[in-house]
Amino acid sequence: MVIVASVSCIYGLGSPEVYKSMMLALSVGQEVDRNKMLRDLIDMQYDRNDVEFARGSFRVRGDVIEIRPSYEEWAIRVELFGDEVERLSVIDLVTRKVTDELEEVSVYPAKHWVTTQENIELAIKGIEAELAQQLSQFKADGKLLEAQRIEQRTTFDIEMMREMGYCSGIENYSRHLSGRGPGSRPDVLLDYFPDDFLMFIDESHVAVPQLRGMFRGDRSRKETLVKYGFRLPSALDNRPLMFEESEEFMHQVVFVSATPGPYELEKSEGVIVEQIIRPTGLVDPEIVVRPVEGQVDDLLDEIRTRVAQGGRVLVTTLTKRMSEDLTDYLGGLGVRVRYLHSDIVALERVEIIRGLRLGEFDVLVGINLLREGLDLPEVSLVAVLDADKEGFLRSDTSLIQTSGRAARNLGGRVIFYADKITGSMDRALSEMSRRRDIQIEYNRKHGIEPRSIVKSVEEIMRATAVADAKSDADQDIEMLNLEPGVDRVQMMAILEEQMMNAAARLEFEKAASLRDRIDELRMTEALDDAGAGAGGKARGRTGRSARKEAGEGEGRSAGKPLPAGARRRRSKGATREKRGGVVYGKDKRGPKK
């Protein structure tokens, strides 16, 4: 069995023992009490709903019980003959036709946070005792508002647990529900695995630091909630694992990374397997180092050359402002260009990547998003501006990962614009030259002719299918704009309803796109109110995005000043020298090391 999980696998879940004990196991010929089985399903947090057969629900028609697990795309039909299970089958959700026959089946709880009624009663006693203590503390400190807030919230949660066996945010009471002591670690997804499981940590140079930081980030947020009476102090124990606790699960672990960090290298104890040779024979791209002076003009020449050859270009800058300004400048010179940074929502990022691959534009300017995980065989040039500015964005790891985006194209090339060779650059250049030499020698020895990876339009569309959810949401919004008499407030209400419906159907990408549109409408509403109060200033979205939508052009004209970080073209005295697969462009003094 292969289980793919994010860093959330170190966050708290319900107890594996309780979860397993509440599983409903059925087999053909088994004797069961129908009414008890229905009560068991309710205890497992399944809802009886004979109308809408949603995930985590069941419906009953006489001796036929249909269960839709929260974790499957199909439903289970249980047919009884008296107290005996006569038939078990899998049914299609739409046609209700039988698609498979089963001899036995296990139905797991609808939610992870499930427990028995006895445990709930014990937990409630502990919660009430903690509430009384916290109320006394708040009142002694004169924090009456916080006392009222925590009393109302906790009392409501206790009532919900008594009546429904569940409440919103029940995980914040996990310490009481599982009977753990203060400060003890929670049960997590990894507790559900056998002791001999094999763990792969992909992109470990990023994942390991994330594992280290999860506990502190969660703790900081929870302490604020406790301080102001939104949660009881026991909520602090609903937390991710500390890194030391995570290490306890690393019995057999494989760190997978093109740029492993010090931790992975230390733990590997010299047992390192390099996967340098590619099936296509492609080698790591050639690296060229050029002076910072005139970097934008030089980049423009390179862009025009690559675009004429049908290639795409990635450019990395140091700041969001630089990426936006450079995009405007290149756009004003007729380059088809867009930028990508953290202010752009996730779905729009996928749409932008798709546009680059399909040739809707030729150049993508970014900061730190043009790194691991991007499969862009169409990109033949990666340009790193200000490569000699030491820091996270210009570390050896970042430079190697960014350069790797050009490694899937036969004509791939990387340009570092720098006035000196920093320690990070030196390490990155040495490592990439080492890998390139190994690849070239292997190809020569085995007579392999490198070839680029070519993806069809259908493959690109399929790989970026998540962007279609945004298109569907945009079509719904356009239809609303065309309806007469629909003002902004009504549109926000309609979109909010559509968002909730999309989330209920588990169409989370579409729901997220609708949420972003609602936020934009609220922002516009606020700007309009502010503009009306200041004498009726321009309404709607302002700034660069408004200019783009209005068709006023994407950037400066050629005669206007260069953006921040841009300098004049390389001096006439500049020369180039090639050493070990790395081309160094230098002035008369040469690069400083």
Contact check, side chains of V289 and L429, non-hydrogen atoms, under 4.5 Å | yes
Min side-chain heavy-atom separation I201-V253 under 4.5 Å | yes
With a 4.0 Å cut-off, would you call R321 and E324 a salt bridge?
-> no
Quick one: are L326 and L385 in side-chain contact, heavy atoms under 4.5 Å?
-> yes
Is there a donor-acceptor pair under 3.5 Å between the side chain of R55 and the backbone N or O of S70?
-> yes
Got a donor-acceptor contact below 3.5 angstrom from the Q439 side chain to the R278 backbone?
-> no
Less than 4.5 Å apart, any side-chain heavy atom of E286 and any of M432?
-> no
So, does S398 use its side chain to make a donor-acceptor pair with the main chain of F392 at under 3.5 Å?
-> yes
Any side-chain heavy atom of Q401 within less than 4.5 Å of one from E203?
-> yes
Partners of Y442 by ring pair (Phe, Tyr, Trp, His ring centres under 6.0 Å), sequence neighbours excluded?
-> H446
Beyond-backbone contact of R436 with P285, side-chain heavy atoms, under 4.5 angstrom = no
Would you say I352 and Y339 make side-chain contact, with heavy atoms under 4.5 Å?
-> no
Residue pair D218 / Y11, side-chain donor-acceptor N/O under 3.5 Å = no
Verdict with supporting geometry, R427 and E431, salt bridge (Lys or Arg N to Asp or Glu O under 4.0 Å) = CA-CA 6 Å; R427 290 189 295 273; E431 177 61 20; over 6 Å; no
Check: M425 main-chain N/O paired with T422 side-chain donor or acceptor under 3.5 Å | yes
Between the side chains of T397 and S395, is a donor N or O closer than 3.5 angstrom to an acceptor N or O?
-> no
Electrostatic pair E378:R405 at N-O distance under 4.0 angstrom = no
With sequence neighbours excluded, tell me which residues meet ring pair (Phe, Tyr, Trp, His ring centres under 6.0 Å) with F243.
-> Y263
Mind checking side chain to side chain donor-acceptor pair (under 3.5 Å) for E274 and listing every partner two or more places apart, or none if nothing turns up?
-> R434
M500 versus E497: any side-chain heavy-atom pair under 4.5 Å?
-> no
Should we say atom CD of Q309 is surrounded by more than 12 heavy atoms from elsewhere, each under 6.0 Å from it?
-> yes
For the pair R394 and E390, find out whether any cationic side-chain nitrogen is under 4.0 Å from an anionic carboxylate oxygen.
-> no
